[in-house]
Amino acid sequence: MSMDRSFGSGPSSEQPAAALPEAGLREPAAAQPETGTREPAAAQPDLPASLYREICRYLGYRGITPDDEIRERIGRNFRALRDAAGKRSVFRAFPVSFPAEGTIRIGSPADAGFEVRSRDLYRNLRGCSEVILLAVTIGPGPDLLVRRAEVGDLPGAAILQAAGAAMAEEYCDEVNRSLEEQARGENRFLRPRYSPGYGDFSLEFQKDFSRLLDMPRTIGVSLTDSLLMVPSKSITAVIGVSDTPPECAARGCDTCGASGSCPYRAT
Amino acid sequence: MFDFRAKLGRELLINDGGMGSLLQARGLKGGELPERWNITHPDDIIAVHTAYLEAGADMITTNTFGANALKYPDPDELRAVVRRGVELAAEARDRAGRSPVSSGADEAGCPSSDSSSDLSSGRSSRRPAFVGLDIGPTGKLLAPMGDLPFERAVELFSEVVRIGAEAGADYVIIETMSDAYEAKAAALAAKESCSLPVIVTVTFDGRGKLLTGGSVDSVTATLEGLKVDALGVNCGLGPVQLLPIVKRLTEIASVPVVVNPNAGLPRYENGATVYDVGPEEFAKAMLDIAALPVQVMGGCCGTTPDHIRALADAVRPLPFIPASEKQRTVVSSFSRAVELGRRTVIIGERINPTGKKAFKQALRDRNIDYILNEGLAQESAGADILDVNVGLPEIDEPAMMAEVVDRLQSVTPLPLQIDTSDPAALERALRLYNGKAMVNSVNGTRESIEKVMPVVARYGGVLVGLCLDESGIPDTAEGRVAVALKIYAAAEEYGIPAKDIIIDALALTVSSDGRSALTTLETLGQLKDGSRNGLTILGVSNISFGLPHRELVNAAFLGMAMERGLSAAIMNPLNPEMMNAYRSSLALLAMDENCMDYIAAYAGVPAAASPSVQASPRAAGSSAGAASSGAASSAAASSGAASSGAADAAVFSDKASPEELSSALRESVRRGLSDKAARITAQALASFDPLDLINAALIPALDEVGRGFEQGTVFLPQLLLSADAAKAAFEKIKEGMAGSASEPKGRIILATVKGDIHDIGKNIVKVMLENYSYEVIDLGKDVPPEVIADTAVRENIRLVGLSALMTTTVVSMEDTIKLLRERKPDTLVVVGGAVMTEEYAAAIGADYYAADAMATVRYADKVFGGE
């Protein structure tokens, strides 16, 4: 017999999220005056413009559109990726308390919870009574495609990596949005999501995520010895839930400690 | 003593249900490890087992699902938790009067006569019950997807099996496996560490796939090859969703089938996970599954003793139907199964050093990518299976075979044929192979049989048997069939089923024995005679050795052999002549329904497109014509790009000036057009000295692109495409420069340090360095400091490049640099990677920080150019 655990506080993990309008957490990059090629037209018929822009950003294009050859490759690789992706998500709500400034305690006495020391996470969650632990993945298919591409098609591999990262973020946005809707229905508000490994929120806490969400069993995601998630196109995040709307909450690139020279910064 | 094997598959057995939620109802915390309750709450554990026994379970599984050294690093705690798990289950079983001895069963396990009425009425009070050592996944994904090495996984499972078997478990049940490789590791561990029966159940998603891609067919083939005693499914889905999956399973499995579904799909309500399917509905759905038929049924998440009671009551009265032998011959990879004996399958022959200079060099250079590319190319061309032969006297064949199989199986879903005469290479390959492989080969000599068959019996496989023995190769069909029969008999001795033997009738060249093809064809026919229906295979190309235009003879022979029922052809799928013959024969032999595949392949091809070889006219005076048509056709055959080449040839007529060619080459490299760059280079070599071509066209083009990348006008994909095009041009130049291999400008080690598996950046640097004539020793990713230092010392390397993406692995970089300073102080270290900065680089003692691939190239130029 195996363990059955509660593993969702919302839509079941296999349910595909409905397509939502482009009102995400991250605003699309403003088009820069280009020194390169042509107008940012729709990339490919079945590749949404916002996702295409994100892929370009991950490839380092900084607002400039790539030429036809690259655009065609992006479209082709994206399609292969989409067919190979297996989206799964799991989330669970936990009570949260703040024993001291900069310290966050997640979990009730009935859970084997954990405690985090992080000023950045504290700033993000202060005032919340509950947090949602969220984990999403687009599955192992994309990783296999990258491995194959690395053998003889390095440009394709680079594109697949970028597209995979963009796809995982986009899926995370979708799930996040549906959680926001749910919260709105209960007159509650969500803080911007915050992932381990950012700021001073240590990557060590991936282990607690994995344990509390039973990630290997619920969404098929496990951790390497160096705390990287496998499959690699996976995202974990803490989302604070409060009864009052957040004041001017920093989100996205603004919350990251990397210097302004980050090549992937969304402007 | 009583044996579970006597029952399994011979009568219906009921498994227990879920334990997790029952323990949670008794106070187990979310996120707490349940196995510890074997020590802290033994009474609760016994109570749960007892409830299931009373509900009618014949099989109870120990509370050890997550017990392994990863989750329980203290070996004493692990031992205690597993021991107690088995002891508590046995105690519950004995207290309930269900021990095989006290239940009144006799030595053979048959219940004594006065309990027979209990059986037919469905009451379980006197049925013997069995304790299964429950083994779940480790929680880490195996390499290459994750970072848990296969052998480490086997070790982890072996440890638990030994403890559990010693504590008195009756069988081992490996469950909730979502990765075929992990299932193999666990099954091997169980078979090697105890002699108990082994059951393996896996978890499929709604599409009938494992998390890592396994299908019902591929997983079944792999597990049956490992000789598990029963296999099946558990968790993930409810009985209704599982029905089509189990149906397929029962169609193909020759061992007993086990089904433990969840109580439907989970729903979340008021802070708890709820499974909606109640006991009656569950039992009703299980009736459909019982009818398929299956031999063991129970439940998983969401099921309770009530579910099991309802199940037992519903299915016990049904007549029992055992599993039947399906006589299917199947090989598998991590995700795909290929059945032999229906349509003739293609086994790609190109991964083989025989007669291939470049391949031999790749083996000496440990250039695995070269080999992988051959594999992927054959996959695209339509191979069903890939032959893998890396036998070269001057290399370590077992190590090379292990490495190639490991990497090949991580990029292609095609099953592999392990082709070697080295028993150590065979053992290593079969042990780590993720699936059930083909093995090439055994022959009729005692020596071969004794070396090869035990290994195949142990790991599973479809074994190719060559019709030769101590007396050599028989020159009659009867003689060869006699050897085949010897091989079948030996296989039976060693426990390899006849369906897993495939006979190579041997294709000897007709150029030395004119009747050779007839003998082979006759042998093929006889092997299929009557009830034998033996499987057959041929190395098709061998028939034409020594003749001109071998592919013509090979193609004709392939058609003839297919007509005699050839099950598998070892051939080159990249050869158009062979593939034309293959597809036509499939259509002619009714193996291509409505000729669909043939039409799909050829309908769009223009009539005049494929130039075929023309026989020489007999008249002596037309030797010039014969020479040119021969040259044209051999060029077409070797390049395989006749039609597209013709279109571009118009642009670059033989009259193109050197300047035009050079400029065209620069342009195609700049734009990243690999095919064009290769063609122009081939043409340019007629009028250019190779080094001039490199210096006048290739290097300037690369420099231009590189500068653009540094300045932010050219971006990464473009850089890589240009690098690819330059590489294609370099390959052509290398071919043309046979004999005068130019010295590399320098030799550089590249590695992604221990703890880090990101290597795209490193690979990009490698491509750029190679383009600029550096030789790169690529040690891969997650590389320990010792390996880097050892290689630097052994190969006397002056420059090492280290890459890391994560802040946590900067420490590894520091360790590596320290070790290098100790052991080879004159080596310089350049570091890079997304997380690296000038400050970090200085702090860890690196000699240089390279912001990107071009910066690394410039630094290498400085180091080796002495500027």
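So you know, we letter chains A, B, ... as the sequences are listed, proteins then strands, and number each from 1. The structure displayed is predicted, hence computed values, not measured ones.
Leu212(A) contributes atom CG, which lies 11.5 Å from atom NZ of Lys29(B) (distance to the nearest 0.5 angstrom). Expressed to the nearest 0.5 Å, how far OG1 of Thr224(A) lies from CE of Met145(B) amounts to 11.5 Å.
In this structure, the portion of Pro216(A) lying under 4.5 Å from any heavy atom of chain B is its side chain and not its backbone. Both the backbone and the side chain of Asn373(B) have a heavy atom closer than 4.5 Å to some heavy atom of chain A. Both the backbone and the side chain of Leu721(B) come within contact range of chain A, with heavy atoms under 4.5 Å apart. Residue Ser178(B): no heavy atom, backbone or side chain, is found under 4.5 Å from chain A. Interface residue Leu673(B): only side-chain heavy atoms are found under 4.5 Å from chain A. Heavy atoms closer than 4.5 Å to chain B are found in the backbone of Leu223(A), but not in its side chain.
Contact annotation: the side chain of Asp225(A) approaches that of Lys140(B) to within less than 4.5 Å [non-hydrogen atoms, C-beta and beyond]. Considering only heavy atoms from C-beta on, Phe334(B) comes within 4.5 Å of Leu144(A) through its side chain. The closest side-chain heavy-atom distance from Leu211(B) to Arg88(A) is below 4.5 Å. Counting only heavy atoms from C-beta outward, the side chains of Arg71(A) and Pro717(B) never approach each other to under 4.5 Å.
For CZ of Arg671(B), the number of neighbouring non-hydrogen atoms (other residues, nucleotides, ligands) closer than 6.0 Å is 12 at most.
Annotation: maximal heavy-atom pairing with chain A below 4.5 Å, among Asn260(B), Leu148(B), Leu372(B), occurs at Leu372(B). Note on Val767(B), Leu141(B), Thr138(B): by heavy-atom pairs under 4.5 Å with chain A, the leading option is Leu141(B). With respect to chain A, the highest number of heavy-atom pairs below 4.5 Å among Gln718(B), Lys209(B), Lys727(B), Arg407(B) belongs to Gln718(B).
The pair Glu379(B)-Arg148(A) meets the salt-bridge criterion, with a side-chain N (NZ, NE, NH1 or NH2) lying under 4.0 Å from an Asp/Glu carboxylate O.
When Ile371(B), Ile368(B), Thr412(B), Leu376(B) are each tested for a side chain to side chain contact (heavy atoms under 4.5 Å, CB included) with Val151(A), only one passes: Leu376(B).
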Before you tell me yes or no, could you show the steps for Arg217(A) and Cys301(B) under side-chain contact (heavy atoms from CB on, under 4.5 Å), namely the whole-Å CA-CA distance, both residues' side-chain angles and the distance that decides it to 0.1 Å?
CA-CA 12 Å; Arg217(A) 204 182 60 86; Cys301(B) 302; 3.7 Å; yes
Verdict with supporting geometry, Leu228(A) and Asp147(B), side-chain contact (heavy atoms from CB on, under 4.5 Å)
CA-CA 10 Å; Leu228(A) 292 175; Asp147(B) 65 343; over 6 Å; no
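In terms of heavy atoms, Ser222(A) sits closest to Gly139(B) at CB-O, 2.9 Å.
Here salt bridge (charged side-chain N to carboxylate O under 4.0 Å, His left out) pairs that include residues 131-147 of chain A, with residues two or more places apart or in two chains, number zero.
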